[in-house]
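Here is the structure we will look at, set down as structure tokens.
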Amino acid sequence: MAWVLLIVAGMLEVGWSIGMKYTDGFTRPVPSILTGAGIVASMVLLSYAAKSLPIGTAYGVWVGIGAAGAAILGMLVLGEPATAARIFFIGLLLVSVIGLKATSGH
């Protein structure tokens with residue numbers, strides 16, 4: 001169950017990080033509220049997952065999902081450059097996340 005919570009927390013991190021683009025410096029109320037709620041929910045789920053997973057693994061996987069997801073959505077939705085180098089390094093992030101899970105002992 002901890003891994004499911006952690007994956008959902010990572011996906012929420014992707015959502016709130018992309019949401020930051022739409023808050024306009026937290027001056028737009030609806031995107032700001034949704035982004036804030038995503039931050040809180042993501043942190044709460046991360047904390048629940050960290051109860052039974054090693055914190056280094058939980059945090060590393062959470063950050064990896066968030067970073068890779070935000071980069072991918074940035075390319076697909078926000079028109080950020082989709083170069084071969086960026087795609088390669090996103091792949092490395094994903095390999096690292098899988099490696100952390102595989103070696104966590106859980």
Side-chain angles (χ1 to χ4, degrees):
M1 185 62 169
W3 283 105
V4 172
L5 294 175
L6 187 58
I7 290 168
V8 173
M11 291 189 296
L12 283 167
E13 186 188 6
V14 173
W16 70 253
S17 63
I18 294 297
M20 296 279 278
K21 290 289 281 185
Y22 297 98
T23 67
D24 198 26
F26 288 101
T27 60
R28 297 180 62 212
V30 172
S32 296
I33 291 167
L34 292 173
T35 298
I39 291 169
V40 170
S42 181
M43 292 287 182
V44 167
L45 291 178
L46 172 61
S47 73
Y48 282 127
K51 284 182 177 182
S52 60
L53 298 173
I55 190 61
T57 299
Y59 185 74
V61 169
W62 180 74
V63 168
I65 292 169
I72 291 167
L73 280 181
M75 289 185 281
L76 295 174
V77 176
L78 301 174
E80 295 176 0
T83 65
R86 286 185 66 152
I87 294 167
F88 171 75
F89 288 114
I90 291 168
L92 285 180
L93 268 172
L94 295 175
V95 167
S96 297
V97 166
I98 293 166
L100 282 171
K101 183 188 182 319
T103 60
S104 73
H106 290 293

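Excluded from the calculations below are hydrogen atoms, water molecules and symmetry mates; all remaining heavy atoms, backbone and side chain alike, are included. Starting from 1, each residue takes its place in the sequence as its number.
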Minimum side-chain heavy-atom gap [X]-[Y] below 4.5 Å:
X	Y	result
V77	I18	no
V30	Y22	no
T23	W16	no

According to a hydrophobic-cluster definition based on side-chain heavy atoms being under 4.5 Å apart (Ile, Leu, Val, Met, Phe, Trp, Tyr only), do [X] and [Y] belong together?
X	Y	value
V40	I65	yes
L5	I98	no
M11	V44	yes
I39	L34	no

Restricting to non-hydrogen atoms, name the atom on [X] and the atom on [Y] that form the minimum distance, rounded to 0.1 Å.
X	Y	value
A41	L12	CB-CD1, 3.8 Å
V8	L45	CG1-CD1, 3.5 Å
L100	T57	O-CG2, 3.7 Å
L46	A58	CD1-O, 3.9 Å
A71	I90	CB-CD1, 3.6 Å
A2	A49	O-CB, 3.5 Å

Atom pair [atom1]/[atom2] of [X] and [Y] - distance to nearest 0.5 Å:
X	Y	atom1	atom2	answer
F89	S96	CZ	OG	11.5 Å
L6	S47	CG	OG	11.0 Å
F88	L93	CZ	CG	11.0 Å
I72	R86	CD1	CZ	10.5 Å

- [ ] Provide the full list of side chain to side chain donor-acceptor pair (under 3.5 Å) pairs with a residue in residues 28-37, sequence neighbours left out, each pair given once.
- [x] none
Open item on the list: Who clusters with I55? Use side-chain heavy atoms, under 4.5 angstrom, across I, L, V, M, F, W and Y, and order the result by chain and number.
Closed with: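 For I55, no cluster forms, as it stays isolated from other hydrophobic side chains.
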Open item on the list: Just to verify, what does Y59 make a ring pair (Phe, Tyr, Trp, His ring centres under 6.0 Å) with, not counting sequence neighbours?
Closed with: W62
